[in-house]
Number of protein chains: 2
Amino acid sequence: MKALRSTRCPVSTTLDLIGDKWSLLIIRDIIFQKKYTYNEMLESVEGIATNILANRLKFLEKNELIIKRGLAANKLKKEYVLTEKGISMLPIIVEIILWGTEHLVEQEQSAVFKEIKKNKAKTLKKYTALLKERLHDVQQSN
Amino acid sequence: MKALRSTRCPVSTTLDLIGDKWSLLIIRDIIFQKKYTYNEMLESVEGIATNILANRLKFLEKNELIIKRGLAANKLKKEYVLTEKGISMLPIIVEIILWGTEHLVEQEQSAVFKEIKKNKAKTLKKYTALLKERLHDVQQSN
DNA sequence: CAGGATCCCATAGGATACTG
DNA sequence: CAGTATCCTATGGGATCCTG
């Protein structure tokens, strides 16, 4: 992943951040699947290679969408947490979910996706609150 | 561009459609910059190569986000029009614009982007109506 | 004008083995 | 457990020239 296109268009610069096959899936899993650690993500994100996952996590961290911290319980274990900037990406993901369920995927949906379809605003609020709570917990424990 | 990942996750399948550097920029230009023809896009989309543009247009057409039609005035000239499916992608782009203007791009914004920031729902409605009108015009002239 | 054809390079990304 | 290191391939994508 290279530097962002230095243009004045918010669409192209944002695409430089999440316009690839993987970044948004990682964020999706942090948000909806509660996958916070490296190996959890390795299993959860559909077939991502270990070097690619490492690369993306670093890239997302560098661009301040996530932060990494060690877990007190186990010094070896690290977990990733969405920053405020990362959390504010939720509306984008929600719209993508809505579009995808409407136009591409017809099968049974996960509970969260149904929830979004049923009441977007409410679900958005709920998950934003959850994520902020988690972020603040992490910031306090420093 | 390959086939879509056949998964049940709407995020990953949608990313297979627009999770690249270019596709969404093409759609952005059709919507906001009123770039409808090949050469207009070639100039407008930041430095895209001719083979890449052709590739993406074909891919978007194949996935029914755009349709192509010849212009009566000039048999050689073609123009691209968003389908209903393509138009319904507008909320995704709007959220990306909002996020990008908030977190990445600080400079003066284009009028449209300011409009979105000021009143998202209204702007969404307005552009959706405009695009549908154009689509119906095209469908009638067949 | 709307693309196709070609050439070529950089890099995304898969597989696997290894390490602090 | 959380990555690194390496090797290798596919393909994204730039530049340029060509054509119906």
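Chain letters run A, B, ... following the sequence lines, proteins first and then strands; every chain starts at 1. Quick caveat, the model's predicted, so the values are computed rather than measured.
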Undergrad: Where is the tightest heavy-atom contact between B:Val45 and B:Arg28, given as atom of each residue plus distance?
TA: CA-NH2, 4.4 Å
Undergrad: Under 3.5 Å, which N/O atoms of the protein pair with N/O atoms of nucleotides 15-18 of chain C?
TA:
from	atom 1	to	atom 2	distance (Å)
C:dA15	N6	A:Asn51	ND2	3.0

Undergrad: Between B:Arg134 and B:Glu79, does any side-chain N to carboxylate O distance fall below 4.0 Å?
TA: yes
Undergrad: What nucleotide among C:dA12, D:dG3, C:dG4 has an atom nearest to a side-chain atom of A:Arg56?
TA: C:dA12
Undergrad: Report the distance from atom CZ of B:Arg69 to atom C1' of C:dC1, rounded to the nearest whole Å.
TA: 16 Å
Undergrad: Could you tell me whether B:Glu115 and B:Lys126 have a side-chain N and a carboxylate O separated by less than 4.0 Å?
TA: yes
Undergrad: How many whole angstroms separate atom CG of A:Leu53 from atom P of D:dG3?
TA: 8 Å
Undergrad: Going by number, which of residues 17-28 of chain A have a non-hydrogen atom under 4.0 Å from DNA chain D?
TA: none
Undergrad: Search all heavy atoms of A:Tyr36 against all heavy atoms of A:Ile30 and return the closest pair with its distance.
TA: CE2-O, 3.5 Å
Undergrad: Go through the steps for B:Ser88 and A:Glu102 under the test side-chain hydrogen bond (donor to acceptor under 3.5 Å, both in side chains), then give the verdict.
TA: CA-CA 10 Å; B:Ser88 69; A:Glu102 185 69 29; over 6 Å; no
Undergrad: Send over the distance from B:Lys78 NZ to D:dG20 P, rounded to a whole Å.
TA: 15 Å
Undergrad: When you compare the side chains of A:Asp20 and A:Ser23, does any donor N or O come within less than 3.5 Å of an acceptor on the partner?
TA: yes
Undergrad: Is it true that atom NZ of B:Lys120 has more than 12 heavy atoms of other residues, nucleotides or ligands lying nearer than 6.0 Å?
TA: no
Undergrad: Please report, rounded to the nearest Å, how far the C1' atom of D:dA2 is from the CD1 atom of A:Ile48.
TA: 14 Å
Undergrad: For B:Asn55 and C:dA5, what is the distance between atoms CG and P respectively, to the nearest whole Å?
TA: 13 Å
Undergrad: For atom NZ of A:Lys132, is the number of surrounding heavy atoms from other residues, nucleotides or ligands below 6.0 Å larger than 12?
TA: no
Undergrad: Quick one, which residues of residues 29-44 of chain A touch DNA chain D with a heavy atom under 4.0 Å?
TA: A:Thr37, A:Tyr38, A:Asn39
Undergrad: In this structure, how many angstroms lie between the C1' atom of C:dA5 and the NZ atom of B:Lys58, rounded?
TA: 11 Å
Undergrad: Counting neighbours of NZ on B:Lys58 that are heavy atoms of other residues, nucleotides or ligands and sit closer than 6.0 Å, is the number greater than 12?
TA: no
Undergrad: Please determine if a side-chain N or O atom of A:Lys68 lies less than 4.0 Å away from the OP1 or OP2 oxygen of D:dA2.
TA: no
Undergrad: Could you check whether any side-chain heavy atom of B:Ile18 comes within less than 4.5 Å of a side-chain heavy atom of B:Met89, counting everything from C-beta outward?
TA: yes
Undergrad: To the nearest Å, how far apart are B:Tyr80 OH and C:dA2 P?
TA: 8 Å
Undergrad: How long is the line joining CD1 of A:Ile52 and P of D:dT6, in whole Å?
TA: 16 Å
Undergrad: Hey, mind stepping through A:Glu46 and A:Lys21 against salt bridge (charged side-chain N to carboxylate O under 4.0 Å, His left out) and telling me if it holds?
TA: CA-CA 10 Å; A:Glu46 33 273 67; A:Lys21 277 174 68 183; over 6 Å; no
